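Heads up, the thing below is written out as structure tokens.
Treat the numbers as computed from the prediction; the structure is a model and nothing was measured.
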Amino acid sequence: YKRIGDGIQTDAIADDGYTWDFYFRNEPVNSKWIKKGLSPMHARLLHMFENFRDSFHVVNMYNFFNSVNFTIEAANCKSKVLTQGVLQKS
């Protein structure tokens with residue numbers, strides 16, 4: 001884990017050597033996702049998902065990024081993102 005002053009922390013969507021989108025962790029997240037009970041990390045990812053130009057991307061997730069509520073919200077967001085990976089109880 002990085003401490004303050006150690007550098008910049010971001011969440012990013014990357015594939016095949018390209019970074020498609022990123023969100024700095026020090027930026028505030030959209031409260032609509034927080035009000036639905038999601039974590040700030042999930043709110044950042046859903047913000048990036050909604051930036052996709054088309055629908056039904058499949059995103060592979062590490063188990064600590066995924067949850068049942070997050071998977072449901074990703075599928076229901078405007079770009080209808082499908083996630084796969086190990087789910088943890090929300």
Side-chain angles (χ1 to χ4, degrees):
Y1 184 81
K2 290 184 176 240
R3 295 173 303 198
I4 293 175
D6 283 350
I8 298 172
Q9 291 184 327
T10 63
D11 291 309
I13 296 176
D15 187 34
D16 200 25
Y18 296 95
T19 299
W20 298 103
D21 200 356
F22 61 91
Y23 199 115
F24 291 113
R25 290 187 181 179
N26 65 326
E27 294 293 325
V29 296
N30 189 327
S31 63
K32 76 176 181 178
W33 304 115
I34 303 301
K35 290 176 184 173
K36 292 184 176 191
L38 295 164
S39 70
M41 175 186 63
H42 288 146
R44 289 188 297 269
L45 290 169
L46 288 164
H47 171 84
M48 290 187 285
F49 288 174
E50 289 196 333
N51 289 336
F52 288 155
R53 293 184 181 166
D54 49 6
S55 298
F56 300 106
H57 285 276
V58 177
V59 176
N60 298 309
M61 308 291 292
Y62 291 113
N63 65 350
F64 63 91
F65 282 110
N66 222 346
S67 74
V68 173
N69 291 343
F70 171 71
T71 300
I72 291 168
E73 292 299 331
N76 289 329
C77 76
K78 72 178 187 178
S79 55
K80 310 288 185 203
V81 175
L82 308 173
T83 62
Q84 61 183 17
V86 177
L87 289 175
Q88 296 182 5
K89 185 177 179 181
S90 295

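In this structure, the side chains of Val29 and Tyr23 come closer than 4.5 Å at one or more pairs of heavy atoms. Using a 4.5 Å heavy-atom threshold, the side chains of Asn69 and Lys36 count as separate. Phe70 places a side-chain heavy atom less than 4.5 Å from the side chain of Leu46.
To the nearest 0.5 angstrom, Leu45 atom CG is 13.0 Å from Glu73 atom CD. With rounding to the nearest 0.5 Å, the separation of CG in Asp54 from NZ in Lys80 is 14.0 Å. Remark: Lys35 NZ to Asn30 CG distance equals 8.5 Å, nearest 0.5 Å. We find the NE2-CG distance between His42 and Asp11 to be 10.0 Å, quoted to the nearest 0.5 Å.
No continuous path of ILVMFWY side-chain contacts below 4.5 Å connects Ile72 to Leu82, so the two sit in separate hydrophobic clusters.
Nearest heavy-atom pair across Glu50 and Lys78 is O-CE, 2.8 Å.
Formation of a donor-acceptor pair under 3.5 Å by the Thr83 side chain with backbone atoms of Thr71 is not found in this model.
Using cut-offs of 30° and 60° on the angle between ring planes, the pair Phe52 and Phe49 is parallel.
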